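A short write-up of the structure that comes next.
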Amino acid sequence: MAAKAQKHLMSGNEAIARGAYEAGVTFASGYPGTPSTEILENIVQYKKDIYCEWSPNEKVAFEAAAAAAWAGARAIVTMKHVGLNVAADPLMTLSYIGVEGGFVICVADDPGMHSSQNEQDSRHYARFAKVPMLEPSDSSEAKEFLIKGLEISEKYKTPVILRTNTRVSHSCSIVEISERKENPKKIAFEKNPPRFVTVPLYARQMRDKMEQRSKELFEETNKSELNKIEWRDKSLGIITSSISYQYAREVWPDASVLKLGFPYPFPDKLIKEFAAGVKKVLVIEELDDILEEHIRSLGVNCTGRESAAGETAPNGGFIPGIGELSISTIQKSRAKMEGKQLPSEKPPKYIEQLPARPPVLCPGCPHRGVFFALAKHDVIVTGDIGCYSLGTFKPLERLDSILCMGAGISMAHGLDKAGEKKKVVGMVGDSTFFHSGITGLLDIVYNRGKSTIIVVDNRTTAMTGHQDHPGTGRTLMGQPTKAISIQDIGRACGIERVVTIDPYDIENTQKIIDEELNADEPSLIVSYAPCPLRERKRVGEIRWIDEKICKNCKMCLKLGCPAIDGTGEKPVINKLMCSGCGLCQQICPFDAISPMEKEQL
Ligand SMILES: Cc1ncc(C[n+]2csc(CCOP(=O)(O)OP(=O)(O)O)c2C)c(N)n1
């Protein structure tokens with residue numbers, strides 16, 4: 001009797017990891033970034049068969065995986081949407097050279113910016129780089145499309161983009177799992193300069209080949225089983241892809257649908273065939289109107305996105321073009337289209353009753369001490385992306401800008417050189433420093449800048465869930481490795497003033513920051529203290545406030561520590577939340593705070 005197929009409930013990211021395993025992938029790299037992170041975190045369970053690594057950044061991850069594919073391995077690289085900007089340089093030229101083993105770039109977009117600095121639409125990159133793109137709309141497809149992507153990649157010797165988004169990556173649905181099939185290709189890089197070296201002479205030939213490949217891929221998308229027409233009522237035909245397919249089916253269950261699982265190259269013939277079979281075409285897509293614009297360029301009359309001002313577009317479009325779509329946004333769109341009024345929505349009672357919880361640094365976070373010390377100075381702090389982004393908010397309010405990873409250092413230099421009168425401090429995290437901070441530091445030294453750079457080194461990539469990086473001394477596969485020193489890199493970049501501080505020692509932190517701000521040369525302060533959440537232990541003894549001594553000056557509340565409750569008559573420390581960092585005790589002017597006695601605990 002044949003064995004029963006095993007079905008598992010999996011998130012899209014888990015399913016992609018499973019797909020990589022089943023497809024015989026032997027190399028996987030990436031850089032963490034929500035919503036893509038769990039792909040590699042799940043691949044690591046297959047480390048016996050798949051070499052996997054966190055690379056210092058997405059460009060490096062991309063290049064390493066592409067090289068593995070050049071040697072014939074099946075390889076994947078993972079990143080969030082903004083990561084593809086970092087890897088865009090190798091992407092654009094790898095498209096010319098192509099690959100030997102299957103190579104899939106897994107990129108996860110974040111419409112609605114649940115945890116990102118922008119909500120760019122990665123689909124542009126498929127067209128920009130002229131590479132095929134697949135878009136699954138649930139976990140089962142996430143696995144299947146990853147495998148299909150590797151096959152397409154091998155057949156056409158091209159990189160393939162597998163684009164997901166927060167909902168597809170993080171929602172769970174049923175996935176049927178299979179056995180692993182090993183890749184029969186021998187791993188060997190075959191020397192062939194006209195094939196792999198993009199000097200202009202060869203690159204021009206590659207460009208022509210790439211166009212030929214695009215033509216062949218165009219035929220492929222038109223007949224691909226990943227692009228499906230579902231005929232139902234023909235008065236309305238919806239063209240859609242990714243998670244929008246699920247919303248479309250929910251809101252218009254009777255409409256005919258052209259579901260594009262392989263939307264680029266655009267399957268023009270299929271689009272025209274579908275449009276000819278329905279009375280009206282509606283395009284539902286998240287973020288940019290890429291499909292809609294293209295479909296209209298084919299001479300097909302369609303509606304889709306509303307105007308930028310959020311009004312019905314002249315062609316009748318009413319699908320929001322900003323933010324994340326959902327069943328309820330699409331229901332509203334349908335009501336608009338049909339001129340109906342939806343009953344006004346009231347948030348459920350339990351939501352109304354929830355207290356507002358602004359994002360704050362965790363109790364015991366070592367970043368807090370640095371922000372508190374910086375608050376004393378009238379300086380500009382060019383910040384970066386990481387947990388320390390939370391230093392922007394009250395009561396710390398000590399971060400003045402965030403652009404993209406690494407910019408915390410280079411922008412400090414730019415402001416300084418522009419003639420900004422105030423001293424400029426650049427602040428980045430340890431993972432960010434390794435990702436793209438080092439070149440900024442070189443710029444400061446090389447171009448005679450004098451910014452003060454603070455690396456808040458909590459020994460982990462905390463914001464994305466505690467991934468390892470070149471400074472932690474551990475690889476993704478759990479091997480011990482050299483922990484690269486930020487201080488040594490600073491010195492190697494030519495910084496003469498390199499100081500390490502303990503951010504839990506407020507007095508010394510303030511003293512060092514004072515000294516370094518007054519120096520007439522660039523300096524690097526490494527604020528070293530492991531993230532207590534990563535270490536899973538308290539920093540020190542739990543504190544309490546003696547209300548008889550407390551004068552209610554509220555100084556302790558200036559730390560913005562969620563363990564200190566300031567809503568009562570006098571502040572109190574929640575002993576279950578206190579991490580024992582002792583910052584509050586150090587700054588209390590009346591010595592009202594001290595470690596709890598055993599019997600108080
Ligand atoms: C190009 C790019 N890649 C990935 C991310 C996702 N991301 C945001 S912050 C961050 C790193 C945070 O680690 P670290 O700098 O060590 O600061 P921490 O959160 O530990 O304080 C990452 C990977 C991003 N925003 N941009």
Side-chain angles (χ1 to χ4, degrees), residues 29-41 54-62 77-91 105-110 113-120 122 125 166 169 359-362 364-371 382-392 396 398-399 402-410 426-440 453-472 476 483-484 486 503 526-535:
S29 52
Y31 183 73
T34 311
S36 70
T37 313
E38 301 82 6
I39 303 175
L40 275 194
E41 285 180 336
W54 288 126
S55 310
N57 67 29
E58 294 86 353
K59 178 179 183 296
V60 175
F62 186 107
V77 61
T78 72
M79 61 197 70
K80 69 184 289 170
H81 60 300
V82 279
L84 194 50
N85 301 336
V86 179
D89 197 10
L91 168 68
I105 303 143
C106 303
V107 58
D109 285 9
D110 187 15
M113 295 177 266
H114 293 280
S115 97
S116 303
Q117 63 269 41
N118 73 16
E119 58 170 8
Q120 69 188 42
S122 296
Y125 274 110
T166 309
S169 279
V360 284
L361 293 169
C362 304
C365 175
H367 302 338
R368 182 173 283 109
V370 178
F371 283 123
T382 53
D384 217 298
I385 308 170
C387 289
Y388 44 96
S389 312
L390 297 169
T392 308
L396 296 166
R398 217 51 212 96
L399 213 64
I402 294 179
L403 178 67
C404 61
M405 288 188 76
I409 296 184
S410 9
M427 186 187 273
V428 301
D430 43 345
S431 189
T432 303
F433 178 80
F434 290 114
H435 178 280
S436 45
I438 300 168
T439 40
I453 302 303
I454 303 179
V455 179
V456 280
D457 179 8
N458 58 1
R459 302 276 91 198
T460 188
T461 317
M463 188 170 226
T464 44
H466 296 129
Q467 292 77 26
D468 282 304
H469 63 58
T472 65
L476 171 61
I484 296 150
I486 294 168
V526 180
S527 164
Y528 174 87
C531 168
L533 239 61
R534 173 75 176 81
E535 302 293 301

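Both ligands and their constituent atoms are indexed starting at 1 by order of listing. These numbers come from a predicted model, not from an experiment.
- Near Val82, meaning under 4.0 Å from any of its heavy atoms, are these atoms of ligand 1: 1 (C), 2 (C), 24 (C), 26 (N).
- A 4.5 Å side-chain heavy-atom check between Leu361 and Leu396 finds at least one atom pair inside the cut-off.
- Under 4.0 angstrom from ligand 1, the non-hydrogen atoms of Thr460 all belong to its backbone.
- Summarising the geometry of Ser55 relative to Val60, their closest heavy-atom pair is CB-CG1, 4.2 Å, with the distance given to 0.1 Å.
- Atom 2 (C) of ligand 1 has its closest protein heavy atom at Met405 SD, 3.3 Å.
- Looking only at distances, no side-chain donor or acceptor of Lys80 sits under 3.5 Å from a matching main-chain atom of Pro35.
- The nearest protein atom to atom 11 (C) of ligand 1, hydrogens excluded, is given as Thr461 CG2, 3.6 Å; this is a heavy-atom distance.
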Kindly determine whether Ser527 and Tyr388 satisfy side-chain hydrogen bond (donor to acceptor under 3.5 Å, both in side chains), including the steps that lead there.
CA-CA 12 Å; Ser527 164; Tyr388 44 96; over 6 Å; no

Stepwise, does the side-chain hydrogen bond (donor to acceptor under 3.5 Å, both in side chains) test hold for Ser122 with Asp109?
CA-CA 7 Å; Ser122 296; Asp109 285 9; 2.5 Å; yes

Chi angles and distances behind the side chain to side chain contact (heavy atoms under 4.5 Å, CB included) call for Ile402, Ile385
CA-CA 7 Å; Ile402 294 179; Ile385 308 170; 3.5 Å; yes

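- The proximity of Val86 to ligand 1, defined as any non-hydrogen pair under 4.0 Å, is limited to the side chain.
- The NE2 atom of His466 lies 11.0 Å from the CD atom of Glu41; values are rounded to the nearest 0.5 Å.
- Ser431 CB, 3.6 Å is the protein heavy atom nearest to atom 14 (P) of ligand 1.
- With a heavy-atom cut-off of 4.0 Å, Thr464 touches ligand 1 through its side chain alone.
- The closest side-chain heavy-atom distance from Glu119 to Asp110 is not below 4.5 Å.
- Here Thr432 has heavy atoms under 4.0 Å from ligand 1 in both its backbone and its side chain.
- Relative to atom 4 (C) of ligand 1, the option among Pro366, Ser116, Pro32, Gly83 with the closest non-hydrogen atom is Pro32.
- When heavy-atom distances to ligand 1 are checked against a 4.0 Å cut-off, Met463 comes that close through both its backbone and its side chain.
- Ranking protein heavy atoms by distance to atom 17 (O) of ligand 1, first place goes to Tyr388 CE2, 3.2 Å.
- Counting atoms of ligand 1 from 1 in the listed order, those under 4.0 Å from a heavy atom of Gly386 are 9 (S), 12 (C), 17 (O), 19 (O).
- Nearest heavy atom pair, residue Leu533 against residue Cys362, reads CD2-SG, 4.1 Å.
- Against a heavy-atom cut-off of under 4.0 Å, Gly33 is close to the following atoms of ligand 1: 6 (C).
- For His469, the closest heavy-atom approach to ligand 1 does not fall below 4.0 Å.
- Between Tyr125 and Gln120, some side-chain heavy-atom pair lies under the 4.5 Å cut-off.
- Residue contacts with ligand 1, taken as heavy atom pairs separated by less than 4.0 Å, involve Lys80 solely via side-chain atoms from C-beta onward.
- Within the listing of ligand 1, atoms 18 (P), 19 (O), 21 (O) sit less than 4.0 angstrom from a heavy atom of Cys387.
- Looking at atom 9 (S) of ligand 1, its nearest protein heavy atom turns out to be Ile385 O, 3.2 Å.
- The protein heavy-atom contact nearest to atom 3 (N) of ligand 1 is Glu58 OE2, 2.6 Å.
- The side-chain heavy atoms of Asn458 and Arg534, taken from C-beta on, include no pair separated by under 4.5 Å.
- The protein non-hydrogen atom at the shortest distance from atom 20 (O) of ligand 1 is Ala462 N, 2.8 Å.
- Per-residue contacts place Asn458 under 4.0 angstrom from the following atoms of ligand 1 (heavy atoms of the residue considered): 18 (P), 20 (O), 21 (O).
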Could you walk me through whether Ser431 and Tyr31 satisfy the side-chain hydrogen bond (donor to acceptor under 3.5 Å, both in side chains) test, starting with their C-alpha distance in whole Å, then the side-chain angles of each, then the deciding distance to 0.1 Å, before giving a yes or no?
CA-CA 10 Å; Ser431 189; Tyr31 183 73; 2.6 Å; yes

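- Under the 4.5 Å side-chain criterion, counting only non-hydrogen atoms from C-beta, Pro90 is in contact with Lys59.
- Of the heavy atoms in Tyr31, only side-chain atoms (C-beta onward) come closer than 4.0 Å to ligand 1.
- When only non-hydrogen protein atoms are considered, atom 16 (O) of ligand 1 lies nearest to Asp430 OD1, 2.7 Å.
- Taking a cut-off of under 4.0 Å to the non-hydrogen atoms of His367, the atoms of ligand 1 that pass are 21 (O).
- A heavy-atom distance below 4.5 Å is found between the side chains of His435 and Val86.
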